[in-house]
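Comments concern the structure below.
Side chains included, hydrogens not; waters and symmetry mates left out as well; all remaining heavy atoms used.
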Amino acid sequence: MTTMTDASVREFKMPDVGEGLTEAEILKWYVQPGDTVTDGQVVCEVETAKAAVELPIPYDGVVRELRFPEGTTVDVGTAIITVAVAGAAAPEAPEAPAEQPRSEPAPAAEEPKPEGRQPVLVGYGVATTSTKRRPRKGPQAGVPGPAQAIQAELNGHGGTLADKARPLAKPPVRKLAKDLGVDLASVTPSGPDGIITREDVHAAAAPSAAAPVAEAPAAAPAAAPAAPAPVASYDTARETRVPVKGVRKATAQAMVGSAFTAPHVTEFVTVDVTRTMRLVDELKQDKDMQGLRVNPLLLIAKALLVAIKRNPEINASWDEANQEIVLKHYVNLGIAAATPRGLIVPNIKDAHDKTLPQLAEALGELVTTAREGKTSPAAMQGGTVTITNVGVFGVDTGTPLLNPGESAILAVGAIKLQPWVHKGKVKPRQVTTLALSFDHRLVDGELGSKVLADVAAILEQPKRLITWG
């Protein structure tokens, strides 16, 4: 066996990719022992309680060991892969004989990296400018090599000097930039601490890159990529037992916590939305909405935002520790979406500030990202109010449970042609039922009723979007 010093082998530990999450499941390994890896190369995909994320390695070298098989749930901070760094003695391949030369450098360490490779995790990865490496020199005595410097900086949460010069962006944003052909170095960041957001990338891309709005945000599409098959611990012709983990486990825990923490009240209203459906048809022909798919959900979302503006106390949360009601002066509008990995609720940041075309674009992007299984943990945090569209399944209504930390959730039922009394006569009209659940600790019956009545009134007479908005 090749003897290797501690300095020549690096352990890559499971990072916290979800802002406070404690564990992640290894979905797939992209490398095997003996493979050469380069700085920024994706080595595995993991699933947290919020999303699936690809992990890049932060140094060059040769894979020595995969510590855990696929399907294993690993605590954050646990080493998952060891790598013999470039410039050190290369480890033997599993089938290599004992007499193989022991002092050769890791293969392909001097090869240039692929053009345009974008890092997938903030603080890791290659620079976005030149991607060619000069030949490495052996480490000098007392001077740490590149891999040691990277690891030391990452352990200190400081990043390297090269990292600090790179634009900051989260993994889904980097992928979006790569897909749209946008150089992150040329994008002006608008997020906190200079972080580039999805909106920044779209602003830098061509207008045609905008994502369309899907008709049914709560439905899982047939063309979505298949989720990894769950491992059944017991499977016969009569039963199958599936371990509860990842997104489904987090959802179950959140719903139990919500149901037994917040006292839920649900109110219902059935409303004639014929005029709203006509407006949807008209907007589809409007030049300002070209390239965007307009659907009833868009106008329902806008109606809810107007109702919140008229009744701002509904947009709040309950602070149990301090015994305070926290009123929010912004609306991060959540949209419940069914995905192959389970139900998730990403939200549109600052939805209250968006015009109708901007809201349509944001909805389309949110739905597309969710269906591709690429929703980031950050996109599912900070929501204030949620919409769930059960009507896409043909369901008339329901009693939705609150998303934890939020005060209200609006369920939209199926829109159906029904007999309705209109101007004193029974006529066929487009009708739906809305259900609003709210936290009765901070929302009383009067406030909840006003919000639901306002949404219904807007959908019945959509011109109120102008007069009230």
Side-chain angles (χ1 to χ4, degrees), residues 15 17-19 38-42 50-58 112-132 150 153-154 157-213 291-292 330 332-333 346-355 357-382:
V17 295
E19 302 181 22
T38 56
D39 183 358
Q41 178 180 336
V42 173
K50 295 181 179 293
V53 180
E54 292 179 330
L55 298 183
I57 202 79
K113 295 182 182 180
E115 287 294 328
R117 178 71 175 96
Q118 295 289 342
V120 207
L121 197 63
V122 175
Y124 295 163
V126 296
T128 56
T129 53
S130 174
T131 56
K132 282 207 168 188
I150 291 173
E153 288 290 339
L154 290 174
H157 307 288
T160 63
L161 291 176
D163 288 331
K164 294 178 181 178
R166 299 189 193 106
L168 297 178
K170 294 187 178 180
V173 177
R174 292 186 182 277
K175 182 180 184 303
L176 176 65
K178 182 179 180 181
D179 293 342
L180 298 181
V182 174
D183 183 0
L184 287 177
S186 65
V187 177
T188 301
S190 65
D193 301 322
I195 294 177
I196 296 173
T197 66
R198 282 181 171 272
E199 288 74 15
D200 298 333
V201 174
H202 277 300
S208 61
V213 173
L292 302 173
Y330 59 90
N332 290 345
L333 182 62
N347 60 77
I348 300 171
K349 309 298 184 186
D350 294 324
H352 64 289
D353 280 339
K354 297 188 181 299
T355 64
Q358 289 171 342
L359 187 61
E361 181 178 355
L363 273 170
E365 181 183 329
L366 177 149
V367 172
T368 300
T369 303
R371 289 179 168 182
E372 292 174 350
K374 300 299 183 181
T375 301
S376 69
M380 292 183 281
Q381 296 177 346

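Qualifying side chain to side chain donor-acceptor pair (under 3.5 Å) partners for Asp200, counting only residues two or more places apart in sequence or in other chains: Ser190, Thr197. Checked against side chain to side chain donor-acceptor pair (under 3.5 Å), Lys354 has no partners two or more places apart in sequence or in another chain. Every residue meeting the side chain to side chain donor-acceptor pair (under 3.5 Å) condition with Thr355, not counting sequence neighbours, appears here in chain and number order: Gln358.
The CG atom of Leu333 sits 7.0 Å away from the CG atom of Leu363 when rounded to the nearest 0.5 Å. Taken from CD1 in Ile348 to CG in Asp353, the straight-line distance is 12.5 Å, to the nearest 0.5 Å. Expressed to the nearest 0.5 Å, how far CD1 of Ile57 lies from CG of Asp39 amounts to 9.5 Å.
Evaluated for a side chain to side chain contact (heavy atoms under 4.5 Å, CB included) with Arg371, the options Val367, Thr375, Thr369, Thr368 yield exactly one hit, Val367.
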| request: Output, in order, the C-alpha distance, side-chain angles, deciding distance and verdict of side-chain contact (heavy atoms from CB on, under 4.5 Å) for Asn332 and Asp350. | output: CA-CA 5 Å; Asn332 290 345; Asp350 294 324; 4.1 Å; yes
| said: Please determine whether side-chain contact (heavy atoms from CB on, under 4.5 Å) holds for the pair Asn347 and Lys349, giving the CA-CA distance in whole Å, both sets of side-chain angles, and the decisive distance to 0.1 Å. | reply: CA-CA 6 Å; Asn347 60 77; Lys349 309 298 184 186; 2.9 Å; yes
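Closest approach of Leu292 and Pro357 over heavy atoms only: CD1-O, 3.5 Å. Here the closest heavy-atom approach between residue Pro56 and residue Gly40 is recorded as CB-O, 3.5 Å.
Residues Pro189 and Leu168 have side chains not in contact (no heavy-atom distance under 4.5 Å, counting atoms from C-beta outward).
With Thr38 contributing its side chain and Gln41 its backbone, the two residues share no donor-acceptor pair below 3.5 Å.
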